[in-house]
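See structure below.
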Amino acid sequence: MWLARRLATSSVLKGHYGLFSNTLRSLPENDLRIFHCACYRRSGITAAGFNTVDGSDSSEFCQEDNKPLDSCYTAEQRSVILQRLNTATEFELAQIKLLRGRKAVNILSYRTRNGPFNSLESVINVPLLKHKSAVVVFNSILKSDDMKDRRKGKIHLAKFIRPEVDRALLKEASSIISIVFGTNKIAWAHMDRAKNVLDWQQEECKSFMNGTYMASDYLADISAAISKFPAADFFVVEKPSISPQNTSLFPVMAHLRTVEAMLFALLSPVREPGRSPKVLNMMRTAVGRHFDLMVGDSRASGAETVRNMMTESVMKQEPRVVFPHNLVVKHRNSFQMSSKNRGEELCDTLLQAVAFFELLRE
């Protein structure tokens, strides 16, 4: 048996038998179709009757302009699509493929004039949205919904808050202070449960990463920052995601762990047995997944997301986050690519605060 396998493998490698040679004709028809689908999936080619994304029946007939759009999707899928199109804000519509810019505005205008969409076919009445582009939009909505469900599960399993605290206590918090620190700054955002930004600033720490890790110098800089913190129910400290296996970043990791430990020590009151902690860690990767900022294992900048939130706060009646006017003026240029002192820590501390309250509601 072993020799027979070796000879068969050798023959295939030498080109005597191809993938679609007579030896495969003995396979049952269904097995052969599955085999074809697997090959096409790798090459990105659509096999007839199959969708290479999820293996379900293909809806390629939706690409034909004379086919009704509603017949391309199940009742449940139609409900999800219409729900999103009928309730999404302009910002939320802009996150859907093809809907950034004028198309999102046209959908809002159409809803205002004609009421909610009652069928998928009615969507193509919106200017700039035709049959093929509508299919792309619908599929993007369904895909993002699936991804969001999977992402929720991952975040829940990761238990994004450490140490664990009763969820009811977290939900009752009237305000938190979100804290993010880097190699030369500590930033914080004071936010209440309604996502009003009450305070948002950063402190430069000159002793950070400066020669030896002098505990007294670190203590002075961190204490100076903490002295400016207002009162809050919880302090949420970002948990960095640097791997200890990357030895080249060991000095940075040692610095971050030192600052993290000092923050916990200085902010934690003397706790009675059984009482919940007041200082918590929040996983950096959980915040990245919440805002779709993860690229592989790395997290991209959230500067554009924060700029959009600030713009919404000024332009919309019900923004995602409410900024006081003085903070908008103070930080409106803090997240530009050309800025000499780009506020990444400042940006991340706001995203962490927003993610904290939004994840608790889910």
Side-chain angles (χ1 to χ4, degrees), residues 154-155 157-165 170 176-190 200-229 232-271 275-291 293-302 341-353 355-356 359:
K154 288 179 182 177
I155 291 174
L157 292 173
K159 297 178 181 177
F160 63 93
I161 289 293
R162 302 284 174 81
E164 292 184 35
V165 179
L170 295 176
I176 65 164
I177 293 179
S178 169
I179 306 166
V180 174
F181 50 90
T183 56
N184 62 350
K185 295 186 189 74
I186 293 178
W188 63 94
H190 186 202
W200 190 27
Q201 55 180 301
Q202 63 184 9
E203 183 86 0
E204 189 169 349
C205 302
K206 295 181 180 179
S207 66
F208 283 8
M209 300 291 291
N210 184 18
T212 57
Y213 296 86
M214 291 295 294
S216 57
D217 292 341
Y218 267 55
L219 180 62
D221 276 354
I222 296 171
S223 297
I226 288 176
S227 67
K228 299 181 181 180
F229 290 0
D233 293 306
F234 290 101
F235 297 97
V236 183
V237 180
E238 181 186 70
K239 185 72 173 175
S241 54
I242 295 178
S243 170
Q245 296 178 351
N246 191 339
T247 55
S248 64
L249 292 176
F250 182 78
V252 177
M253 187 179 69
H255 157 75
L256 296 176
R257 293 290 180 261
T258 301
V259 177
E260 180 185 8
M262 284 193 171
L263 284 170
F264 266 77
L266 293 170
L267 291 172
S268 297
V270 177
R271 238 192 333 144
R275 190 173 180 179
S276 294
K278 189 169 183 177
V279 186
L280 309 171
N281 265 140
M282 188 163 181
M283 312 304 286
R284 178 175 171 82
T285 50
V287 178
R289 287 198 299 272
H290 183 70
F291 289 102
L293 298 175
M294 298 303 294
V295 181
D297 294 331
S298 302
R299 181 173 142 181
S301 171
N341 190 24
R342 195 173 179 197
E344 287 294 342
E345 293 88 358
L346 202 63
C347 166
D348 291 347
T349 198
L350 183 83
L351 294 179
Q352 180 172 261
F356 176 90
L359 287 170

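Numbering starts at 1 and runs along the sequence shown. All of these numbers come straight from a predicted model, not from anything done at the bench. For the numbers below, each heavy atom of this structure counts, side chains included, while hydrogens, waters and symmetry mates do not.
Between M282 and V237, the closest side-chain pair of non-hydrogen atoms is not below 4.5 Å. Put simply, the side chain of L170 does not reach to within 4.5 Å of the side chain of I176, judged on heavy atoms. The closest side-chain heavy-atom distance from F181 to L263 is below 4.5 Å. Looking at heavy atoms from C-beta onward, P240 lies out of side-chain contact with R284 at the 4.5 angstrom threshold.
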- Please lay out, stage by stage, how L346 and K185 fare under the test side chain to side chain contact (heavy atoms under 4.5 Å, CB included). CA-CA 9 Å; L346 202 63; K185 295 186 189 74; over 6 Å; no
- Item | side chain to side chain contact (heavy atoms under 4.5 Å, CB included) evaluation trace for L280 with R162 | CA-CA 6 Å; L280 309 171; R162 302 284 174 81; over 6 Å; no
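Side-chain N or O atoms of E238 include none that pairs as donor or acceptor with a backbone N or O of Q352 at under 3.5 Å. A donor-acceptor pair is defined here as one N or O able to donate and one able to accept, closer than 3.5 Å; no such pair exists between the side chain of N184 and the backbone of M209. Between the S223 side chain and the A220 main chain, no donor and acceptor come within less than 3.5 Å of each other.
Between K239 atom NZ and R257 atom CZ the span is 4.5 Å, to the nearest 0.5 Å. With rounding to the nearest 0.5 angstrom, the CD atom of Q201 is 4.0 Å from the CH2 atom of W188. Atom-to-atom distance recorded for D233:CG and S276:OG is 12.0 Å, nearest 0.5 angstrom. For the atom pair D221 CG and F208 CZ, the distance stands at 6.0 Å (nearest 0.5 Å).
For the side chain to side chain contact (heavy atoms under 4.5 Å, CB included) test with I222, the passing option among L267, T258, I186 is I186; the others fail.
Minimum heavy-atom separation, F291 to L351: CE1-O, 3.3 Å. The two residues A189 and W200 have their closest heavy-atom pair at CB-CD1, 3.7 Å. Of all heavy-atom pairs between L293 and G302, the closest is CD1-CA, 3.8 Å. Heavy-atom minimum distance, K278 versus A232: CE-O, 3.1 Å. In terms of heavy atoms, I179 sits closest to T349 at N-OG1, 3.7 Å. Closest non-hydrogen pair, A215 versus M262, comes out as O-CE, 3.5 Å.
Centroid-to-centroid, the aromatic rings of H190 and F229 stay 6.0 Å apart or farther.
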